[in-house]
Number of protein chains: 2
Amino acid sequence: MARWEPNARGRLEDAALDLFTERGYDKTTIAEIAQRAGLTERTFFRHFADKREVLFSGSAHLHDVLVGAVAEAPADAPPLTVVATALERVGSLFEERRSYARRRQAAINANGELLERELVKLAGLAEALDAALRARGTAEGPASVAAETGIALFRSAFTSWIAADDTAGLSEHIRAAFTSLHSLAVASSAK
Amino acid sequence: MARWEPNARGRLEDAALDLFTERGYDKTTIAEIAQRAGLTERTFFRHFADKREVLFSGSAHLHDVLVGAVAEAPADAPPLTVVATALERVGSLFEERRSYARRRQAAINANGELLERELVKLAGLAEALDAALRARGTAEGPASVAAETGIALFRSAFTSWIAADDTAGLSEHIRAAFTSLHSLAVASSAK
DNA sequence: CGTCTTGATGTCAGGGACTGACATCGCCTA
DNA sequence: TAGGCGATGTCAGTCCCTGACATCAAGACG
């Protein structure tokens, strides 16, 4: 239990997910998480802003990848296509990690507070998408709609990927969601 | 300060919004809210599950209206059209209340926890929309996409309505958002 | 080799959200 | 008019989270 064991943050994350899985989020105290990681409750709060955040440190990375992908898209690509491509790139980060994603998502789905935090993170991604689109010249209205719509589809695709037992990757589920939207939009226009 | 003053719940809501506006959400304690309403902290928690919830009791009503509107839509209407119509009906509930909506939204936007809660409420509406669509025969995938997309557009429209200084109602902003989506989808298909 | 700086960690005290258990009050009904 | 009963009050306690200050290990530097 020496003071300077490496990777304190990672140890806290692992301990937290383990405990949340074992006995549930609200029956786990921060003192317990810290203890399992060989640390103190106070130290937990130096690494994470609050108890929920311990499951969401990865979202900053997604954020960066998403913004980068939008910036690199061809200048003449339409907004929704740019969004779709960027989200597929993000989706590819999850390949090979479906079982971890399931574990984490199960913990999140089992608790309202964690669900709240996840939605906030997704909304943050939507805002970043919006800003990235406008930075490349997309008008305000379309950028906002494309960003919000894209994240909505991402959520839908992520859920179906988690639930599915197939060999398709998250990226493919994302592509399918966008295809589905096109059909709906066309059907609605034709009405 | 008699015990049985009427409308305890409403008094708590008013006191809370006033205090949040005056001094901010996290500098307001529940004891203060309760005191201004002539009640006790413990009673606050009998009316609201937590501190955030005091600003969101109206969302249950939106939920009902939304589900009702979907159920009443013509059987042959395409999903996204049903969603648009239902959201416009919800939008009409807000006419005449833009100034209250602004006050409340300002308080929410000023605080991360309240933003979280709002997102959760919207996600709940999306889920309800999804279920209502499937109840009338829409297939699972399209129902989910239409519901998520619809709520995304609602958010976008609500924001622009709050910000706008025009005479257009929320319903009209919603209609505009759906029109915008159609354009985007067509442009993306044509790519 | 010893000291100093620095960042991560520990310790302590305390406020505020939230809960469970139990008491009290006022309206309603038999 | 005595209960029944729902809404409120009181009290004690747990846990989340924070600020202030002390301590420790590692590298910098003389």
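Chain identifiers are assigned alphabetically (A, B, ...) following the order of the sequence lines, protein sequences preceding nucleic acid strands; residue numbering begins at 1 within each chain.
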If you look only at pairs with a residue in residues 55-69 of chain A, which of them pass as a side-chain hydrogen bond (donor to acceptor under 3.5 Å, both in side chains), with sequence neighbours excluded?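 Matches after skipping sequence neighbours: A:Glu13-A:Ser57.
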Mind jotting down which residue pairs meet the side-chain hydrogen bond (donor to acceptor under 3.5 Å, both in side chains) criterion with at least one end in residues 121-144 of chain B? Sequence neighbours excluded, please.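 Of all non-adjacent pairs touching residues 121-144 of chain B, those that pass side-chain hydrogen bond (donor to acceptor under 3.5 Å, both in side chains) are A:Ser156-B:Ser144, B:Glu53-B:Lys121, B:Asp130-B:Arg134.
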Measure [atom1]/[X] against [atom2]/[N] and give the value in whole Å, please.
| X | N | atom1 | atom2 | result |
| --- | --- | --- | --- | --- |
| B:Leu12 | C:dA17 | CG | C1' | 15 Å |
| B:Asn7 | D:dA7 | CG | P | 14 Å |
| B:Glu5 | C:dG26 | CD | P | 12 Å |
| B:Ile33 | C:dG16 | CD1 | P | 13 Å |
| B:Glu32 | C:dG15 | CD | P | 14 Å |

How would you list, by chain and number, every residue that makes a side-chain contact (heavy atoms from CB on, under 4.5 Å) with A:Glu96, sequence neighbours excluded?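 A:Glu96 satisfies side-chain contact (heavy atoms from CB on, under 4.5 Å) with no residue once adjacent residues are dropped.
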Could you go through the ring-ring contact (aromatic ring centres under 6.0 Å, His included) check for A:Phe56 and A:Phe48 one step at a time? CA-CA 9 Å; A:Phe56 294 92; A:Phe48 306 101; over 10 Å; no
Taking salt bridge (Lys or Arg N to Asp or Glu O under 4.0 Å) as the test, write out the residues that go with A:Arg46, two or more places apart.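 Salt bridge (Lys or Arg N to Asp or Glu O under 4.0 Å) check on A:Arg46 returns nothing, list empty.
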By the 4.0 Å heavy-atom rule, please label A:Thr43 as base, sugar-phosphate, or nothing.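 It contacts sugar-phosphate atoms only.
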Tell whether A:Arg46 reaches the base of C:dG7 with its side chain through a donor-acceptor pair below 3.5 angstrom.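 No.
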Does A:His47 place a side-chain N or O at less than 4.0 Å from the phosphate oxygens OP1/OP2 of C:dT9?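 Yes.
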Would you mind building the protein contact string for nucleotides 13-18 of chain D? One character per nucleotide, 5' to 3', B for base within reach (heavy atoms under 4.0 Å), S for sugar-phosphate only, - for untouched. ---SBB
With ILVMFWY side chains joined below 4.5 Å, transitively, what does A:Leu119's cluster contain besides itself?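 A:Val120, B:Leu119, B:Val120, all in the cluster of A:Leu119.
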